[in-house]
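Keep in mind that what you see is a predicted model, and the values were worked out from it rather than measured.
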Amino acid sequence: MDFPKEYMEREVVFYCRYASNANLFKPVNTRFSVNQHINFAVWPDKAILWDSKDRKNVLPTLYVPKNDEETVKAIRNPRRYELIAVHGTVLNAYAGYPWIQVTKVERIEKPSDRLSEQVIEHMQSGYEALRVDSGGVAARHFEQAIQFGLPCEYRARAYENLAQAYLLDNKLDRARGYLRQAVQVDKGDAVLHLALADVALRMSDPGEAIAHATFALERSGRYPQAYGIKGEAMSLLGDYGKAFADLNTAAGTPGITPREKAMVNIRRARIYTRSDRYPDAARVYAAASEPGEPLAGEGWLHNEVGLFYERLYLESGDARYLDSAYAAFEEGARIDSLDPAILY
């Protein structure tokens with residue numbers, strides 16, 4: 001109901017989650033008054049209620065006539081967060097909201113739909129831990145939320161969040177396991193397949209990486225990252241022709257962002273390295289590390305560059321490569337606020 005005027009005098013039926021009783025009356029501008037109506041508020045049925053933005057996205061303009069005893073009784077019973085179906089008619093459009101006279105409230109929640117305060121608290125704490133890169137704390141909260149019981153529509157996201165938490169601690173196998181569970185819950189979600197493709201690639205499993213990247217592309221061709229993952233996975237299989245072809249497709253994706261394009265170039269540098277084209281790889285890494293480039297402010301990039309030069313030093317014995325490796329590692333440590341001494 002983003003454009004409530006389109007719904008004027010129309011009957012509507014929608015699912016939502018009960019929030020609370022309310023006391024919002026504007027009798028001068030609407031047909032509802034405190035003497036004749038009971039006011040209540042709801043959240044959208046798919047709202048992520050542990051996210052502060054979604055939690056504020058409440059619809060506070062639902063009204064039951066006090067003489068409608070059956071509906072009044074129905075609206076007295078729902079508990080907070082309960083899934084309900086609301087039937088009604090939009091009588092006013094005011095202050096950006098549809099003002100709805102409610103004619104029926106159905107309690108449709110099954111046990112599998114139920115949200116509790118404990119679940120919301122654990123999910124909220126998990127999100128806060130993710131924001132400060134505390135993977136272990138985040139994982140414990142997300143696991144507790146799942147144990148308390150999450151409705152199906154939230155479960156895939158919880159598994160995805162768990163995977164993100166384990167990725168922070170570089171526990172790739174655990175992350176892949178939870179992403180596989182997420183995909184089982186929501187098989188058609190291209191973003192989940194893309195995340196699983198990325199983790200599979202990091203685990204040097206080109207088959208799984210290609211399968212999930214391909215699925216994401218079939219769902220939506222607007223994923224330069226999927227072409228990039230496919231390309232890098234093809235290089236693991238030794239097919240450098242297809243690898244570079246996929247990267248060229250990724251770089252040419254309409255609307256590709258500067259950061260996405262920079263990431264395609266990093267994948268290109270990895271393939272150059274894998275195919276022993278070290279000068280080409282060095283050129284790409286050097287360009288990506290220049291101040292002002294989209295990835296230059298991220299520590300992982302400089303650490304990757306350091307590992308590249310360390311590899312060249314070990315293969316050639318040329319101390320100049322070791323100096324370049326140290327410089328890259330120090331820059332990565334500076335960005336990540338680490339003591340460079342722990343690297344040596």
Side-chain angles (χ1 to χ4, degrees), residues 1-121 123-124 127 145 148-158 185-186 188-189:
M1 293 189 180
D2 295 330
F3 306 97
K5 288 183 180 179
E6 297 181 4
Y7 293 84
M8 284 293 296
E9 305 296 339
R10 285 177 54 184
E11 293 184 3
V12 293
V13 181
F14 57 94
Y15 295 129
C16 53
R17 289 192 178 272
Y18 181 80
S20 65
N21 289 332
N23 190 32
L24 177 61
F25 292 96
K26 299 290 182 181
V28 174
N29 306 101
T30 72
R31 304 187 209 179
F32 304 104
S33 69
V34 68
N35 294 326
Q36 298 180 31
H37 297 89
I38 295 172
N39 175 215
F40 67 100
V42 298
W43 287 291
D45 61 321
K46 305 294 187 185
I48 309 299
L49 295 177
W50 43 89
D51 180 272
S52 58
K53 183 179 178 181
D54 269 24
R55 200 173 181 86
K56 292 174 184 176
N57 185 28
V58 67
L59 177 63
T61 50
L62 302 175
Y63 299 86
V64 179
K66 289 184 176 179
N67 60 7
D68 182 350
E69 294 182 7
E70 184 176 346
T71 308
V72 168
K73 182 179 178 181
I75 205 59
R76 295 296 189 197
N77 292 325
R79 54 178 188 78
R80 193 167 173 83
Y81 312 121
E82 183 172 343
L83 187 66
I84 58 175
V86 171
H87 302 244
T89 304
V90 179
L91 296 187
N92 295 100
Y94 175 71
Y97 291 109
W99 295 61
I100 300 171
Q101 178 162 293
V102 176
T103 56
K104 185 178 180 181
V105 172
E106 294 180 273
R107 300 183 69 186
I108 60 172
E109 184 172 88
K110 303 185 294 291
S112 59
D113 297 322
R114 188 161 296 166
L115 266 177
S116 66
E117 289 285 359
Q118 295 99 320
V119 165
I120 289 174
E121 286 173 8
M123 291 298 292
Q124 194 168 24
Y127 268 79
F148 274 113
L150 272 169
C152 185
E153 66 263 29
Y154 299 114
R155 209 169 299 139
R157 289 290 157 255
V185 174
D186 193 350
D189 191 312

How far apart are the closest heavy atoms of T61 and Y63, and which atoms are they?
-> C-CE1, 3.3 Å

Got a sec, which residues hit salt bridge (Lys or Arg N to Asp or Glu O under 4.0 Å) with K110, two or more places apart in sequence or on another chain?
-> D113

Point-to-point distance, once rounded to the nearest 0.5 Å, from CH2 of W99 to NZ of K26 | 7.0 Å

Write out all pairs satisfying salt bridge (Lys or Arg N to Asp or Glu O under 4.0 Å) with one or both partners inside residues 89-108, taking only residues at least two apart or from two chains.
-> E82-R107

Do T30 and F25 have side chains that get closer than 4.5 Å, going by heavy atoms?
-> no

Using the test side chain to side chain contact (heavy atoms under 4.5 Å, CB included), find all partners of Q101 that sit at least two apart in sequence or belong to another chain.
-> F32, H37, P65, L91

Y81 meets the side chain to side chain donor-acceptor pair (under 3.5 Å) criterion, sequence neighbours left out, with R55, E117

Between the CD1 atom in I38 and the CG atom in L62, the distance rounded to the nearest 0.5 Å is 12.5 Å

Show me, pair by pair, the donor-acceptor contacts under 3.5 angstrom made by side chains of residues 9-16, not counting sequence neighbours?
| unit_1 | atom_1 | unit_2 | atom_2 | d |
| --- | --- | --- | --- | --- |
| E9 | OE2 | R31 | NH2 | 2.4 |
| R10 | NH1 | E6 | O | 3.3 |

Just jot down the side chain to side chain donor-acceptor pair (under 3.5 Å) partners of D54, sequence neighbours excluded, or say none.
-> none

Sorted by first residue and then second, give each salt bridge (Lys or Arg N to Asp or Glu O under 4.0 Å) pair with at least one member in residues 12-25; sequence neighbours left out.
-> R17-E109, R17-E153

One should read off an interatomic distance between I75 CD1 and N21 CG, to the nearest 0.5 angstrom, of 7.5 Å

For V119 and F148, the nearest pair of non-hydrogen atoms, with its separation, is CG2-CB, 3.5 Å

Any side-chain hydrogen bond (donor to acceptor under 3.5 Å, both in side chains) pairs touching residues 65-74, not counting sequence neighbours?
-> D68-T71

Partners passing side chain to side chain donor-acceptor pair (under 3.5 Å) against N57 (at least two apart in sequence or in another chain) = none

Is there side-chain contact between L59 and P98, with heavy atoms separated by less than 4.5 Å?
-> yes

Once you round to the nearest 0.5 Å, how far does CG of N92 lie from CG of N29?
-> 8.5 Å

Return the set of residues passing side chain to side chain contact (heavy atoms under 4.5 Å, CB included) with K53 (not counting sequence neighbours), or none when no residue passes.
-> D51

Under the side chain to side chain contact (heavy atoms under 4.5 Å, CB included) test, which residues partner D186, sequence neighbours left out?
-> A156, D189, L192

Closest heavy-atom pair and its distance - A145, M123 = CB-SD, 3.5 Å

With rounding to the nearest 0.5 Å, note down the distance linking CG in N39 to OG in S33.
-> 11.5 Å

Output, in order, the C-alpha distance, side-chain angles, deciding distance and verdict of side-chain contact (heavy atoms from CB on, under 4.5 Å) for N77 and Y18.
-> CA-CA 10 Å; N77 292 325; Y18 181 80; over 6 Å; no

Is any side-chain heavy atom of Y154 closer than 4.5 Å to a side-chain heavy atom of V185?
-> no

Taking only residues two or more places apart in sequence or in another chain, which ones pass side chain to side chain contact (heavy atoms under 4.5 Å, CB included) with V58?
-> A19, A41, W43

